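In what follows, a single structure is set out as structure tokens and then discussed.
These figures come from a predicted structure and were not determined experimentally.
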Amino acid sequence: MLDITRQTANFVAGLKLSDLSGRCREAARTGIIDCVGVMIAGAAEQPVRIVSAMVAASTQNDGAPEVPSGRNLAAPDAALVNGVAAHVLDYDDVALAGHPSTVLVPAILAEGWSLDSSGADALAAYAAGYEVWAQVIALEPGHLHERGFHPTAVMGALATAAACARLRNLDSTKTAHAIAIAASLASGLVANFGTMTKSLHAGRTAQSGVLAARLADQGFTASLDVLEHQTGFLRAHSPSGMPDIENGTIDIGRNWRLADLGINVKRYPTCYATHRSIDAMIGLVNAHKLKPDDVREIRVHTGVTQRLMLRNTNPQTGLEAKFSMEFAMTAALIAGRVGLSELTDEFVSRPDVGATFAKVRCTTTDEIMPGDQPFAPADRVSVVLTSGEVLEHAPVVHAKGSWQRPLSRDELQDKFMECATRVFKQGQAAALFEQLWNIEDLGSIRSLRLTNDRGDA
């Protein structure tokens, strides 16, 4: 049997920033920048306000700020609230069949703020968490979504614990305990997609990582074979029932999945399972100047697991619409875009929007593309006009913003500014982007301008 828990802990405890290639650093920096932007944008949403109201302010000096209000919270509570904010809009980046940044970044910022960690420490912690998550899923041939588990909340618990253990400079034994503690805190169900609880998954997972590392640091113990044991994490959460525990490869620290799989930045605030189809539909709308009255039917061919995530065929709210292929195609046709202004209850409830849902027809394939996303090899979209003519878009394999088709610095900054200027003035948002872009050189995370400066021009 593989010694998975110990080997992953050894990697985390020994990781140095100098171990990371430029490509790894680029991915970690991108994830941090994108997550901070959507965290700021999501902070005013009702689910965040509800969670924030249940958390008491802290008078301790080792707290961390609620973003962007600046209210001082205990670090685990800051990770909770900021994690909900980072995920509530479903605009955060994607990788490893989940959302690594939305759990890693709130945990790293909260614990890093408390510890006065450097920007270099933050990058190394991000890489540690990402690689632990990636190593564990490499040993499982199935996909968690198919069993009803939300990978962000399940694998993310291990990742955030590893990241926080790295920030605290825990030795390999205490790091193993932290990961093992977090393994018992892993939880989250796909059935709650399209509700407030999905964003709670992210907040609780970020909080769990902070707690697990702190408990381990104080001598709290857990099983040091928790990942590989016959009653352990991998078997308990295995959708295939056959995790590769006996003969799998433990190559963490040699095979850098952060460089290979990277970070996929979202251009639309909807489930990533819709993004390739949205790219195709917007392409057809723009190329042919389509209007809703021109279209009789929209045909989408996508993956079985993607369809499983997109459970809402007739959404009634903005939250439900985030998990609806019918909505994604409708918004692309009616508005010519799928943005934050379309993901509102008011837009979703419009009569013309509801009527267009019925024009969308989805078919599926059980083929899955290579890589870390349980998606079809490509999404295919075609439109049947009222004249009977059929317009077809070329198959879309990778959405714009993916690691294979990345955003430029200017495009990443455009998204960051769109998000951050919902709260911050232009100058402060631009200054924060520059800080994050150069995070490797940041002497202290505490110097980040994460709280609203209303006096900024």
Side-chain angles (χ1 to χ4, degrees), residues 38 41-42 45-47 87-92 94 99 145 150 190-199 264 266-286 290-364 373 375-376 379-384 391 393 396 399-401 415 418:
V38 298
E45 297 295 309
Q46 185 183 12
H87 199 46
V88 70
L89 296 175
D90 242 290
Y91 209 3
D92 48 301
V94 177
H99 303 267
H145 289 99
H150 185 191
V190 173
N192 273 320
F193 283 17
T195 73
M196 293 183 184
T197 298
K198 184 171 187 281
S199 60
N264 305 297
K266 283 187 171 186
R267 295 169 68 227
Y268 317 112
T270 59
C271 178
Y272 199 56
T274 65
H275 282 222
R276 297 185 301 179
S277 292
I278 294 173
D279 279 356
M281 187 62 193
I282 290 177
L284 288 172
V285 169
N286 291 339
L290 295 179
K291 305 297 182 187
D293 290 344
D294 299 331
V295 176
R296 179 194 302 167
E297 186 174 282
I298 301 169
R299 297 172 179 170
V300 181
H301 189 64
T302 189
V304 168
T305 303
Q306 288 165 267
R307 190 63 176 157
L308 182 66
M309 299 178 201
L310 304 173
R311 56 172 292 169
N312 300 318
T313 58
N314 185 31
Q316 302 299 303
T317 68
L319 271 175
E320 291 177 356
K322 291 175 180 293
F323 298 88
S324 172
M325 185 67 83
E326 288 74 12
F327 174 82
M329 297 299 95
T330 295
L333 175 60
I334 290 178
R337 63 191 297 274
V338 184
L340 293 173
S341 58
E342 285 72 51
L343 270 298
T344 63
D345 294 353
E346 292 74 20
F347 184 86
V348 175
S349 63
R350 280 172 41 175
D352 59 333
V353 171
T356 307
F357 294 159
K359 295 182 179 182
V360 181
R361 301 281 184 270
C362 285
T363 57
T364 59
Q373 299 296 329
F375 290 175
D379 276 14
R380 301 171 185 269
V381 176
S382 59
V383 169
V384 181
L391 306 175
H393 193 280
V396 180
K400 175 65 176 173
K415 178 185 173 182
E418 174 206 2

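Residues passing the side chain to side chain donor-acceptor pair (under 3.5 Å) test with D379 are R276, S277, T302, Q306, sequence neighbours excluded. Qualifying side chain to side chain contact (heavy atoms under 4.5 Å, CB included) partners for N286, counting only residues two or more places apart in sequence or in other chains: I282.
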Query - Step-by-step side-chain contact (heavy atoms from CB on, under 4.5 Å) determination, H275 to N264 - result: CA-CA 11 Å; H275 282 222; N264 305 297; over 6 Å; no

Query - side-chain contact (heavy atoms from CB on, under 4.5 Å) assessment of V88 paired with K198 - result: CA-CA 8 Å; V88 70; K198 184 171 187 281; over 6 Å; no

Report task. Just do the ring pair (Phe, Tyr, Trp, His ring centres under 6.0 Å) check on Y272 and H99 with the steps written out, would you? Result -> CA-CA 10 Å; Y272 199 56; H99 303 267; 8.2 Å; no

Query raised in the report: Between E342 and I334, does a side-chain contact (heavy atoms from CB on, under 4.5 Å) hold up when you go through it step by step?
Result: CA-CA 10 Å; E342 285 72 51; I334 290 178; over 6 Å; no

Query - Worked verdict on T317 versus V348 for side-chain contact (heavy atoms from CB on, under 4.5 Å) - result: CA-CA 6 Å; T317 68; V348 175; 5.9 Å; no

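With a 6.0 Å radius and a threshold of 12 heavy atoms from other residues, nucleotides or ligands, R267 has its CZ atom above the threshold.
You'll find the side chain of L340 reaches within 4.5 Å of the side chain of E418, heavy atoms only. Side-chain contact check for M281 versus V300: every heavy-atom pair is 4.5 Å or farther apart. You'll find the side chain of T195 stays beyond 4.5 Å of the side chain of E320, heavy atoms only. Taking 4.5 Å as the limit, some side-chain heavy atom of L343 sits within range of a side-chain heavy atom of V338. Within the 4.5 Å cutoff, side-chain heavy atoms of M309 are placed close to those of F375. Proximity of L319 to M196: side-chain heavy atoms (C-beta onward) are separated by under 4.5 Å at one or more points. Contact check for M325 versus R307: side-chain heavy atoms found under the 4.5 Å cut-off. Side-chain atoms of L391 and L290, non-hydrogen and from C-beta on, do get closer than 4.5 Å to each other.
Between the K415 side chain and the K266 main chain, a donor and an acceptor come within less than 3.5 Å of each other. Looking only at distances, a side-chain donor or acceptor of K359 sits under 3.5 Å from a matching main-chain atom of P292.
The structure places NZ of K400 at 16.0 Å from CD1 of I278, a figure rounded to the nearest 0.5 Å. Atom CG of D345 and atom CD of Q316 lie 10.0 Å apart (nearest 0.5 Å). Taking CG from N312 and CZ from F323, the interatomic distance works out to 8.5 Å, rounded to the nearest 0.5 Å. The line from CZ of R361 to CD of E326 is 9.5 Å long, rounded to the nearest 0.5 Å. Distance CG/D279 to OG1/T274: 9.5 Å, rounded to 0.5 Å. Note that SG of C362 and NE2 of H301 are 10.5 Å apart. Values are rounded to the nearest 0.5 Å.
Of all non-hydrogen atoms in V295 and I298, the two that sit nearest each other are CG1-CG1, 3.8 Å. Minimum interatomic distance between H150 and V190 (heavy atoms only, all atoms of both residues): N-CG2, 4.1 Å. When every heavy atom of V285 is checked against every heavy atom of A332, the shortest pair comes out as CG2-O, 3.7 Å. Nearest heavy-atom pair across P269 and G339 is CG-C, 3.7 Å. Of all the heavy atoms in F347 and A331, the pair that sits closest is CE2-CB, 4.2 Å.
Salt-bridge annotation for D293 and K291: absent, with no side-chain N of the basic residue lying under 4.0 Å from a carboxylate O of the acidic one.
The aromatic rings of F193 and H145 stand perpendicular to each other, their planes meeting at an angle above 60°, with 30° marking the opposite boundary.
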